[in-house]
K.L.:
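Questions regarding the structure given below will be posed in turn.
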2 protein chains.
Amino acid sequence: MVERKRADLDAVFAALASEPRRRMLERLRAGQANISEIAEPFDMSLFGVSKHLKVLEQAGLVRREIVGREHRFAAEIDAIADAERWMQTHLAFWHLRLDALDKHIQKSSVPTKRGKKRT
Amino acid sequence: MVERKRADLDAVFAALASEPRRRMLERLRAGQANISEIAEPFDMSLFGVSKHLKVLEQAGLVRREIVGREHRFAAEIDAIADAERWMQTHLAFWHLRLDALDKHIQKSSVPTKRGKKRT
DNA sequence: CTAAACATCAACCACATGGTTGAACGAAAA
DNA sequence: TTTTCGTTCAACCATGTGGTTGATGTTTAG
């Protein structure tokens with residue numbers, strides 16, 4: 001197995017909790033880019049963009065490759081996949097519970113007041 | 001259509017970017033609970049927990065129902081589903097691109113130096 | 001060599017976040 | 001009514017975040 005370090009969910013979710021950063025990720029879906037290119041559509045200082053990219057990098061959402069005087073960034077998939085897994089699990093448990101509730105409702109649809117509901 | 005207001009992704013992701021809050025959500029998968037019950041496993045003041053729950057509530061991740069002197073919380077699914085959708089989309093684009101790259105590699109596996117790669 | 005391009009650094013500001021405490025308030029139980 | 005329970009409020013503190021600027025450092029181009 002690839003000894004990939006488990007993504008820090010706190011960092012991943014925090015990095016995603018910013019519209020500019022999500023847009024930068026979307027930008028990188030089209031291929032790699034350097035900071036100036038990434039900064040282009042934003043009304044923000046270059047250094048501001050650089051800071052955002054550092055957040056994404058530390059969360060493992062992008063990879064930086066320094067080539068001469070430019071820093072080229074590329075989207076990274078594993079971190080986001082980990083976060084997605086947490087959500088999937090959460091949703092799965094949720095649906096399990098809804099199913100259970102459904103069954104419960106069907107059972108107690110008989111109007112005899114026998115079952116004591118705790119809620 | 002249910003006129004459900006689009007979840008604010010910033011708020012949802014930010015709310016999820018905290019281990020205590022994720023644990024609280026996990027707790028609520030087992031059913032609703034009031035603040036004291038939710039606070040039980042945490043080494044934190046009641047008011048601290050209350051603040052976390054407010055964050056979850058404002059992100060639309062939980063629903064609060066005031067019953068007498070207690071505030072009962074229940075997990076809410078739509079907001080998380082929205083965030084999950086963003087991730088799904090992101091991953092989908094990613095895989096599309098990987099597929100395209102695969103094809104490109106297969107094409108250019110013939111050693112004639114015809115295709116000009118821009119990267 | 002000199003100049004331009006790409007990016008960083010340190011310092012700063014304003015504001016949000018995560019946590020505490022002690023006082024207070026409304027509802028329920030005695 | 002008095003007490004207790006569940007929770008909020010205001011105030012406070014420390015730290016993190018999002019943004020700026022001006023100076024600096026490297027790499028490439030002229």
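The chains referred to below are lettered A, B, ... by the order of the sequence lines, with proteins before strands, and numbering in each begins at 1.
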K.L.:
For the side chain of B/Arg21, starting at C-beta, report the closest nucleotide among C/dG19, C/dG18, C/dA7.
P.N.:
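Among the listed nucleotides, the one closest to the side chain of B/Arg21 is C/dG18.
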K.L.:
Closer than 4.0 Å, any side-chain N/O of B/Arg69 to the OP1 or OP2 of D/dT8?
P.N.:
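Looking at the OP1 and OP2 atoms of D/dT8, neither is under 4.0 Å from any side-chain N or O of B/Arg69.
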K.L.:
Starting at CD1 of B/Ile66 and ending at C1' of D/dC5, how long is that distance when rounded to a whole Å?
P.N.:
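My rounded result for the distance is 16 Å.
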K.L.:
Hey, which sits more toward the 5' end of DNA chain C by its nearest nucleotide, A/Phe47 or A/Glu70?
P.N.:
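Looking at the nearest nucleotide for each, A/Glu70 comes out on the 5' side.
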K.L.:
Between A/Glu70 and A/Arg72, does a salt bridge (charged side-chain N to carboxylate O under 4.0 Å, His left out) hold up when you go through it step by step?
P.N.:
CA-CA 6 Å; A/Glu70 20 184 320; A/Arg72 319 216 95 245; 3.4 Å; yes
K.L.:
Does A/Val67 or A/Met44 map to a spot on DNA chain D nearer the 5' end, using the closest nucleotide for each?
P.N.:
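Mapping each residue to its closest nucleotide by heavy atoms, the 5'-most match is A/Met44.
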K.L.:
Atom CG of A/Leu53 to atom P of C/dC9: distance rounded to whole Å?
P.N.:
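Whole-Å distance recorded here is 14 Å.
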K.L.:
Below 4.0 angstrom from OP1 or OP2 of C/dA7, is there any side-chain N or O of A/Arg72?
P.N.:
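Result: no.
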K.L.:
Looking at D/dT8, I'd like to know if its phosphate oxygens (OP1 or OP2) sit under 4.0 Å from a side-chain N or O belonging to B/His71.
P.N.:
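Yes, within the criterion.
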K.L.:
Between A/Arg64 and C/dC6, is there a side-chain N or O to OP1/OP2 distance below 4.0 Å?
P.N.:
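Answer is no, no contact under 4.0 Å.
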K.L.:
Output the rounded distance in Å from CD (A/Glu65) to P (C/dC6).
P.N.:
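One finds 17 Å between P of C/dC6 and CD of A/Glu65, rounded.
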K.L.:
Any side-chain N or O of A/Ser36 below 4.0 angstrom from OP1/OP2 of C/dA5?
P.N.:
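It does not, given that no N or O in the side chain of A/Ser36 lies less than 4.0 Å from OP1 or OP2 of C/dA5.
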K.L.:
To the nearest angstrom, how far is A/Met24 atom CE from D/dG18 atom C1'?
P.N.:
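About 11 Å, once rounded to whole Å.
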K.L.:
Is it possible for you to say whether A/Val62 and B/Phe93 belong to one hydrophobic cluster, with membership spreading through side-chain heavy-atom contacts below 4.5 Å?
P.N.:
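Shared cluster, no.
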K.L.:
What's the CG-C1' distance between B/Leu56 and C/dG18, to the nearest Å?
P.N.:
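For the pair B/Leu56 CG and C/dG18 C1', the rounded distance is 14 Å.
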K.L.:
Between D/dT7 atom C1' and B/Asn34 atom CG, what is the distance in whole Å?
P.N.:
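After rounding, the reported distance stands at 10 Å.
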K.L.:
For a quick test of reading the model: is some side-chain N or O of A/Lys54 closer than 4.0 Å to OP1 or OP2 of C/dC9?
P.N.:
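Yes, because at least one side-chain N or O of A/Lys54 sits under 4.0 Å from OP1 or OP2 of C/dC9.
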K.L.:
Between B/Trp94 and B/His90 (judged by ring centroids, cut-off 6.0 Å), do the two rings come close enough to count as a pair?
P.N.:
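Here the rings of B/His90 and B/Trp94 have centres that are no less than 6.0 Å from each other.
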K.L.:
Please work out if B/Leu46 contacts a base, only the sugar-phosphate, or nothing of the nucleic acid, heavy-atom cut-off 4.0 Å.
P.N.:
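B/Leu46: base contact, heavy atoms under 4.0 Å.
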K.L.:
Taking only side-chain N and O atoms of B/Ser45, does any of them lie within less than 4.0 angstrom of OP1 or OP2 on C/dT21?
P.N.:
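Indeed not, no polar side-chain atom of B/Ser45 lies that close.
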K.L.:
Given atom CD of B/Glu37 and atom P of D/dC5, what is their separation to the nearest angstrom?
P.N.:
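Checked: the CD to P distance equals 15 Å.
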K.L.:
Could you say whether A/His52 or B/Ser50 is positioned toward the 5' end of DNA chain D, judged by the nucleotide with the nearest heavy atom to each?
P.N.:
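Going by which nucleotide is closer to the 5' end, it is B/Ser50.
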K.L.:
Only one of B/Glu57, B/Arg23, B/Arg21 clears side chain to side chain donor-acceptor pair (under 3.5 Å) with B/His52; which?
P.N.:
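It is B/Arg21, the one option of B/Glu57, B/Arg23, B/Arg21 that forms the side chain to side chain donor-acceptor pair (under 3.5 Å) with B/His52.
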K.L.:
Atom NZ of B/Lys51 and atom P of C/dT21: how far apart are they, to the nearest Å?
P.N.:
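Rounding to the nearest Å, NZ of B/Lys51 and P of C/dT21 are 12 Å apart.
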K.L.:
Quick one: side chains of residues 43-50 of chain A, donor-acceptor pairs under 3.5 Å with protein atoms, not counting sequence neighbours, listed by atom name and distance.
P.N.:
residue, atom, partner, partner atom, Å
A/Ser45, OG, A/Gly48, N, 2.9

